Every structure is written in structure tokens, then in C-alpha cells.
Protein chains: 4
Amino acid sequence: MEFNNNQAIYLQIAAYVCDQIQLQKWQADEKIPSVRELAVILEVNPNTVMRSYDHLQQQDIIYTRRGMGYFVNKDALQTITKTRKEEFLNEELPQVFRKMRLMEISGQEFLERFEKYKTNINLK
Amino acid sequence: MEFNNNQAIYLQIAAYVCDQIQLQKWQADEKIPSVRELAVILEVNPNTVMRSYDHLQQQDIIYTRRGMGYFVNKDALQTITKTRKEEFLNEELPQVFRKMRLMEISGQEFLERFEKYKTNINLK
Amino acid sequence: MEFNNNQAIYLQIAAYVCDQIQLQKWQADEKIPSVRELAVILEVNPNTVMRSYDHLQQQDIIYTRRGMGYFVNKDALQTITKTRKEEFLNEELPQVFRKMRLMEISGQEFLERFEKYKTNINLK
Amino acid sequence: MEFNNNQAIYLQIAAYVCDQIQLQKWQADEKIPSVRELAVILEVNPNTVMRSYDHLQQQDIIYTRRGMGYFVNKDALQTITKTRKEEFLNEELPQVFRKMRLMEISGQEFLERFEKYKTNINLK
DNA sequence: GTGGTCTAGACCACC
DNA sequence: GTGGTCTAGACCACA
């Protein structure tokens with residue numbers, strides 16, 4: 001995985017975990033990769049993965065069972081979807097709108113690029 | 001000016017300067033506020049403003065004349081518009097598209113919100 | 001390290017780092033001294049070293065890894081050698097030539113002094 | 001005249017004056033341009049030219065006669081030639097030698113470039 | 001321990 | 001007055 005330098009790695013890992021849950025690749029009460037496993041996969045220090053898991057646990061997205069590992073919380077999917085959607089609509093979109101106006105990008109142009117993006121994704 | 005805690009102040013100041021240039025409030029070869037002046041206005045340490053100006057100078061957006069101050073570069077407007085647009089289209093938009101798909105927000109819904117935003121802005 | 005008063009310390013530190021790389025004492029992807037370490041060694045303020053490292057990072061000579069330190073970029077050696085050579089041939093040499101003509105110093109005399117310099121160095 | 005940003009403008013102007021004297025374009029006891037004249041020619045603030053003249057006067061290179069202007073000192077040519085030559089041989093040349101070794105530029109290559117330079121100059 | 005940002009205050013050279 | 005550099009000290013986030 002490639003990390004963006006503008007955001008803490010542990011947050012990017014947490015986001016990655018949320019992605020998996022949101023895409024329903026990791027489902028409720030299912031075990032997720034152990035700290036060490038994920039550390040190897042992502043080529044990161046285990047401490048960093050640990051911190052991500054800590055972070056997610058505090059948000060009730062995952063929970064831990066002694067000696068068994070970390071598991072997806074029952075309502076993780078809902079929680080994630082809800083908070084992410086709120087944040088997106090209230091925080092990010094206005095910024096996007098503002099920039100579109102400044103750079104004179106029309107809603108039409110946006111749509112076209114969106115369609116292009118979707119077909120590109122589906123081909124992969 | 002209110003600062004956002006997620007981004008370094010000096011970067012926010014740099015962005016602010018770029019905004020002024022993009023809005024053509026500060027034009028080519030025009031003097032911009034001195035380091036000390038802006039520091040007082042924004043209620044920040046002069047060093048912080050200095051750092052912003054340094055940053056902008058390295059991007060050929062402003063230039064300095066000994067003992068006279070900082071001035072807007074001739075093609076600053078172009079440079080800013082170009083780099084900002086590129087960054088928006090190549091970096092930000094794909095992220096937006098990705099999230100829209102994840103959260104099942106349609107292009108239609110986006111457009112509606114955009115129109116709403118535009119009318120809100122115009123009323124102000 | 002002794003600093004020359006005609007040039008900013010942070011630039012002299014940057015030059016020192018480049019020297020180390022050019023002499024291959026610090027190799028590609030190798031960690032260089034931490035900001036604090038070097039500050040202690042050179043008896044300067046950490047901020048000053050920081051500024052040097054910042055400067056070198058912008059020139060893609062070193063890079064940083066969060067919480068781990070600064071490392072020599074893969075093609076730092078090439079970059080340094082190339083830019084230094086270019087700068088020397090295009091900027092400095094013409095000045096030297098100019099002065100040699102003004103002061104009537106012949107190419108012959110230059111060569112003699114150069115040979116003398118080289119034997120002196122080798123003796124040390 | 002184009003100014004180099006690495007050196008104070010008033011020093012560059014002083015060097016320019018010395019050049020003229022060394023090239024014997026301005027001879028002993030001859031009047032040199034007035035502060036205002038030179039300021040116009042070089043597109044600089046008169047204060048800056050003033051400072052250059054001050055500087056040169058302190059080194060006994062020029063002298064002033066009330067209401068008449070500045071004049072080249074009798075032994076200005078000697079003074080300039082001597083101090084410049086000393087500084088060049090003792091300060092600059094060793095630096096040049098050092099860099100030539102680091103960048104593996106041979107005395108032979110130096111000579112070739114020097115000859116090229118001289119023929120270029122003569123054509124102009 | 002690492003980098004990174006910010007403040008406060010000082011000093012200098014330049015215009 | 002302008003920019004530019006440096007120090008000292010603090011605080012934060014990250015690994």
C-alpha cells in the first residue's frame with residue numbers, strides 16, 4: 001500500500017480497514033487480520049497498526065477478544081457509513097463546490113468525469 | 001483570519017495569498033503586504049508569515065526586492081490557476097468520486113446540492 | 001565546524017551534507033544524522049539544521065520518513081554532481097576567466113598554481 | 001545592468017566602477033558619473049549609488065570635490081589591481097582548485113574553456 | 001526517539 | 001522601513 005504523506009499513516013490504515021468493512025469484504029463479527037499480519041502486508045511497524053486498531057476500537061468499529069484477535073463490530077458498517085456520509089456532505093462537498101466555482105468547472109463537466117471514472121473502475 | 005488546525009498555518013497563509021492573486025485583488029508586479037504587516041493583521045508571528053512567503057517564492061509565485069518587499073510574479077495567476085486545477089482534477093476529484101460510489105451518492109444528487117450551494121452563495 | 005560569515009549557516013550545513021554524499025560517506029537510502037544530533041555536533045540551533053534539511057528535501061537530495069529520520073535520496077549523488085558541475089562551469093568559471101584577463105593571469109600561470117595545489121593536498 | 005541577488009547591490013555597483021577604472025575607461029583624476037546620473041543609468045535608488053561611492057571613497061579609490069562630483073583617485077588603478085589580485089589568488093583560486101578536483105575537471109579542460117572564452121570575448 | 005510547527009525576541013544588511 | 005537569519009524554548013504528532 002502506498003501512503004500519502006499528508007495524513008498520518010495510522011489514520012490511512014484505519015481508513016483502509018473501514019473501506020474493507022464498507023465494501024463488506026470484512027463482515028460483522030468476522031476476524032480481521034492480526035496486528036502482525038497486517039504490519040507485514042502493509043510493510044509498516046506493528047506499533048503503527050496497533051495504533052490504528054486502538055483508534056478503531058475507540059470508535060466502536062472493531063473489538064478485541066483476548067488471545068483471539070480483533071473483530072468487526074456488529075454495527076460497524078452503519079457507524080462508518082453514517083459518519084463518513086455526514087462528514088462528506090457537510091465538510092468535503094462545500095469545499096469541492098467552492099473550488100469548482102473558482103476554477104470554473106461546470107456541473108456538466110463534473111458529471112462527464114464521473115461517468116468516465118465509473119466505467120474505468122468497472123473495467124479493472 | 002481563522003486557522004484550521006489540520007493544516008500548518010504557514011500553508012494556510014500561502015493559500016490565502018494565492019486566493020488574493022487568483023481573485024485578482026493582488027495583481028502582477030504589485031507589492032503585497034510586508035512580512036511584519038501581514039503578521040500583525042493575521043495575528044501571527046512574523047517568522048510564520050516569512051515562511052509562507054519563502055514557500056511562495058520557491059514556487060515562483062512571488063519575488064522579493066531587497067529592502068522593498070515582496071511582489072506578485074508576472075505569471076503568478078497562470079501558475080496558480082494551472083497547478084490548482086491540475087491538483088484538483090487529478091488528486092481530489094478521484095477521491096470524491098470514490099467516496100460518492102462508496103456512499104451511493106448519485107451524480108444527480110451531487111448536481112442538486114451544487115445548484116443549492118450556488119444560489120446560497122449568490123444570496124450572500 | 002567553522003562557519004563562514006558571508007553565507008547563511010543553513011546553506012553551509014546543506015553544502016556540508018552534499019559534500020558527505022558526494023564523497024560517498026553517506027550513501028543512497030542511508031539515514032543521515034537526526035536534526036537534533038547534527039545540531040549538537042555542529043553547535044547550532046536545531047531549527048537551523050532543520051532548515052538545511054528542508055532545503056535539501058526540496059531539491060530531492062534527501063527525504064524524510066515520519067518519526068524515523070532523514071535519508072539520502074537514491075539519485076542524490078547524481079543530482080548533486082550534476083547541478084554542482086553545471087553551476088561551476090556556467091556561473092563560476094566565466095567569472096574566473098574574466099578576472100584572469102583583467103589581472104593578466106595566463107593559463108600557464110593558472111596551471112602551475114593548480115599543480116602546486118595538488119601536490120600540497122596530497123602531502124597532507 | 002543586471003544584478004546578482006547573492007551580493008548587495010551597492011557592492012556590485014562598486015565593483016562595476018572598479019571595472020571601469022581597471023579597464024582604464026575612467027582614468028586618474030577624471031570625473032565619474034554623478035550619483036544621480038548613475039542611478040538613472042543603472043535603474044537604482046540614488047541612495048544605493050551614494051552608498052557605493054561612499055564605500056569607494058573609504059578605500060581611497062575615488063574622491064569628491066564639493067559641488068563638482070566624484071573623481072578617480074591617482075593611484076586607484078594600482079590599488080584596485082593589487083587588492084583584487086591578492087584576493088583572487090589567495091581566496092578564490094584555492095576554492096576553484098578544490099572544486100575542480102571534486103568534479104574531476106583537468107587543467108587541460110580548464111585551458112580549453114579559457115581559450116574558448118577569450119575568442120568569444122574578442123568577437124563581441 | 002524522530003520530524004515539524006510556532007512563538008518570542010534579537011541582530012544584521014539593505015533601500 | 002524592508003527582508004533574512006539565528007537562537008531559545010515550547011508543544012505536538014508519529015514510530
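In what follows, every chain begins at residue 1, and chains take the letters A, B, ... in the order their sequences are listed. Bear in mind that the values here come from a model prediction, so they are computed numbers and not experimental data.
Counting any heavy atom pair closer than 4.0 Å across all strands shown, B:Arg36 reaches a base atom.
For C:Lys31, there are no salt bridge (Lys or Arg N to Asp or Glu O under 4.0 Å) partners, not counting sequence neighbours. In this structure D:Gln78 satisfies the side chain to side chain contact (heavy atoms under 4.5 Å, CB included) test together with D:Asp75, sequence neighbours excluded. By the side chain to side chain donor-acceptor pair (under 3.5 Å) test, B:His55 pairs with B:Gln59, sequence neighbours left out. Not counting sequence neighbours, C:Tyr16 has no partner by the side chain to side chain donor-acceptor pair (under 3.5 Å) test. Under the ring pair (Phe, Tyr, Trp, His ring centres under 6.0 Å) criterion, B:Phe88 pairs with no residue at all, not counting sequence neighbours. Scored by the side chain to side chain contact (heavy atoms under 4.5 Å, CB included) test, C:Asn90 finds C:Glu86 as partners (sequence neighbours excluded). Listed by chain and number, the residues in a salt bridge (Lys or Arg N to Asp or Glu O under 4.0 Å) with B:Arg84 are B:Asp19 (sequence neighbours excluded). Every side chain to side chain contact (heavy atoms under 4.5 Å, CB included) that B:Gln24 has, sequence neighbours left out, goes to B:Gln27, B:Leu77. In this structure A:Thr64 satisfies the side chain to side chain contact (heavy atoms under 4.5 Å, CB included) test together with A:Gln57, A:Tyr70, sequence neighbours excluded.
Of the residues in residues 44-51 of chain C, those lying under 4.0 Å from DNA chain F by heavy-atom distance are C:Val44, C:Asn45, C:Asn47, C:Thr48, C:Arg51. Within a heavy-atom distance below 4.0 Å of DNA chain F, no residue of residues 7-15 of chain D is found.
Judged by distance alone, with hydrogens and angles left aside, the side-chain atoms of B:Gln12 form a donor-acceptor pair with the main-chain N or O of B:Asn4 at under 3.5 Å. For B:Asn73 (side chain) and B:Tyr63 (main-chain N/O), no donor-acceptor pair under 3.5 Å exists by modelled atom type.
The separation between B:Asn6 atom CG and F:dA13 atom C1' is 13 Å, rounded to whole Å. Spacing between atom CZ of C:Phe71 and atom P of F:dA15 amounts to 12 Å, rounded to whole angstrom units. Taking atom CZ of residue C:Phe3 and atom C1' of nucleotide F:dT5, one finds them 13 Å apart after rounding to whole Å. Rounding to whole angstrom units, CE of residue B:Met68 and C1' of F:dG3 are separated by 12 Å. Going from atom NE2 of D:His55 over to atom C1' of E:dA13 covers 13 Å, rounded to whole Å. Counting to the nearest Å, the C1' atom of E:dG3 and the CG atom of C:Leu38 are 14 Å from each other. One atom, CG of B:Asn4, and another, C1' of E:dT5, lie 14 Å apart when rounded to the nearest Å. F:dT5 atom P lies 7 Å from atom CG of B:Asp54, rounded to whole Å.
The side chain of C:Thr64 places no N or O atom within less than 4.0 Å of a non-bridging phosphate oxygen (OP1 or OP2) of E:dG3.
Between C:Gly67 and B:Arg66, the residue whose closest nucleotide on DNA chain E is further toward the 5' end is C:Gly67. DNA chain F is contacted by both C:Glu43 and B:Lys31; B:Lys31 maps to the nucleotide lying nearer its 5′ end (nearest heavy atom per residue).
D:Tyr10 and D:Asn45 share no side-chain donor-acceptor pair at under 3.5 Å.
Pairs of Watson-Crick or G-U wobble type, with distances under 3.5 Å, assemble into runs of 3 or more in DNA chain F at these ranges: E:1-14 with F:1-14.
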